[in-house]
Trainee: 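Here you go, one structure.
Here is the naming used below: chain letters follow the sequence lines, and residue numbers restart at 1 for every chain.
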2 protein chains.
Amino acid sequence: MSSSTGRSDLDQFDLAILDILQRDNTTPQRVIGEAVNLSAPSVQRRIRRLEECGVIEANVSVINPVSVGRTITVLVEVEVITETVELIAAAKQSFATCPQVQQCYYITGNADFFLVMLVSTMAEYEELTKTLFFGNNNVKRFRTTVVMDRVKTGMAVSRPDA
Amino acid sequence: MSSSTGRSDLDQFDLAILDILQRDNTTPQRVIGEAVNLSAPSVQRRIRRLEECGVIEANVSVINPVSVGRTITVLVEVEVITETVELIAAAKQSFATCPQVQQCYYITGNADFFLVMLVSTMAEYEELTKTLFFGNNNVKRFRTTVVMDRVKTGMAVSRPDA
DNA sequence: AGTGACGTTGCAATATATTTGCACGCATCA
DNA sequence: TGATGCGTGCAAATATATTGCAACGTCACT
């Protein structure tokens with residue numbers, strides 16, 4: 001019952017802790033405790049709870065794509081032909097498992113999918129389109145946009161109130 | 001000279017470490033060491049180097065937006081009227097500082113910006129459009145798309161080879 | 001009001017992880 | 001050949017995370 005996060009009664013302490021962890025999750029619990037006025041063990045137990053109930057989904061390092069050669073970010077809007085449950089599931093699967101697809105959203109509106117992709121060269125991207133889009137009978141159309149500036153990136157979620 | 005990551009000669013050890021850290025950066029150095037065949041101190045020194053040269057940009061917790069009430073993901077394509085350096089910089093600034101804007105890309109093509117936004121209600125979104133788009137004389141047009149399924153999210157970058 | 005169950009807290013002790021000092025190995029290059 | 005630089009592992013030192021425990025508050029029910 002506590003796998004996907006339904007309701008979570010997060011108090012101000014939890015929210016404050018989450019704010020810090022979203023910025024830097026290597027912050028020592030002692031320091032977090034000082035910041036939120038709680039003891040380190042208390043912080044630790046709250047973090048554990050947040051992890052167990054799925055509020056904290058992951059703890060990750062964010063790396064610079066350029067440093068591993070992924071210099072180009074492209075955005076792709078994909079429109080499919082038929083929207084059956086099976087075909088949509090198959091499309092989700094194929095996009096999600098492609099290493100160059102960093103993010104994939106199933107959307108309303110004209111298009112059906114929106115992808116954020118990281119590639120090393122445009123040649124690599126073109127190659128990918130052959131398998132990902134042209135190779136998929138159910139893809140009607142796709143529109144590619146190249147990113148000039150990654151103005152703001154990340155997974156941070158700001159709290160509704162503050 | 002080592003602020004923004006230009007060249008980085010990452011060897012197989014570094015890449016293997018980054019793969020692990022991108023999945024779970026709470027993995028003990030000892031465990032990482034066992035996985036990549038290196039001692040814990042060596043792993044630690046490599047991680048420090050990767051952080052110093054900007055390969056590792058951040059260490060963060062990823063939280064479930066729903067758990068803090070941000071239940072709706074919307075994608076927005078924004079087209080501006082005039083593309084002067086100053087006006088573009090101003091737009092970047094206003095998008096980047098908006099808490100509900102999780103990601104912002106400056107793009108080629110018909111539109112000029114692409115935003116990933118997290119909001120609690122559509123009413124909240126509508127309110128935001130008043131300040132962010134309608135309130136900006138330089139915004140010609142914006143197109144809103146609502147996300148039905150966050151199929152794949154995250155900031156992970158897969159290595160070009162493997 | 002009294003009482004018991006429950007949940008959370010802080011402190012102190014313990015376990016675990018990170019960081020540093022040091023000597024060694026292995027390249028490159030004069 | 002010998003000096004230098006860089007990275008390594010081991011072991012010790014340091015810092016951090018985790019757990020046991022007693023105490024406190026809240027709530028429901030007597």
Trainee: Output the rounded distance in Å from CD1 (A/I32) to P (D/dT18).
Mentor: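 A/I32 atom CD1 is separated from D/dT18 atom P by 11 Å.
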
Trainee: Starting the side chain at C-beta, find the nucleotide from C/dA17, D/dG9, C/dT19 nearest to B/S42.
Mentor: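 So the nucleotide nearest the side chain must be D/dG9.
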
Trainee: Starting from P on D/dC6, measure out to CD on B/E52 and report it in whole angstrom.
Mentor: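 B/E52 atom CD is separated from D/dC6 atom P by 14 Å.
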
Trainee: In whole Å, I'd like the distance from the CZ atom of B/F13 to the C1' atom of D/dC6.
Mentor: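 From B/F13 CZ to D/dC6 C1': 14 Å.
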
Trainee: I want to verify a distance call: between C/dG10, D/dT8, C/dA17, whose nearest atom is closest to the B/R30 side chain?
Mentor: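 For B/R30, the side-chain atoms sit closest to C/dA17.
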
Trainee: Give me the one residue out of B/E77, B/E83, B/E79 that meets salt bridge (charged side-chain N to carboxylate O under 4.0 Å, His left out) with B/K140.
Mentor: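 Of all the options given, the one that passes is B/E79.
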
Trainee: Where do A/V139 and A/L132 come nearest, in terms of heavy atoms and distance?
Mentor: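 Closest pair (atom of A/V139, atom of A/L132, distance): CG2-O, 4.2 Å.
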
Trainee: Separation of B/Q44 atom CD from D/dG9 atom P, in whole Å?
Mentor: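 It works out to 13 Å between those atoms.
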
Trainee: How long is the line joining CG of A/L21 and C1' of D/dA17, in whole Å?
Mentor: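 These atoms are roughly 14 Å apart.
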
Trainee: Whole Å only: how far is the CG atom of A/D9 from the C1' atom of D/dC27?
Mentor: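 In whole Å, D/dC27 C1' and A/D9 CG are 15 Å from each other.
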
Trainee: Can you find a side-chain donor-acceptor pair between A/N59 and B/S61 that sits under 3.5 Å?
Mentor: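 Yes.
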
Trainee: Would you classify B/P28 as touching base, sugar-phosphate or nothing, given that sugar-phosphate means primed atoms plus P, OP1 and OP2, and contacts are heavy atoms under 4.0 Å?
Mentor: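 The answer is sugar-phosphate, as B/P28 gets under 4.0 Å only of primed atoms, P, OP1 or OP2.
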
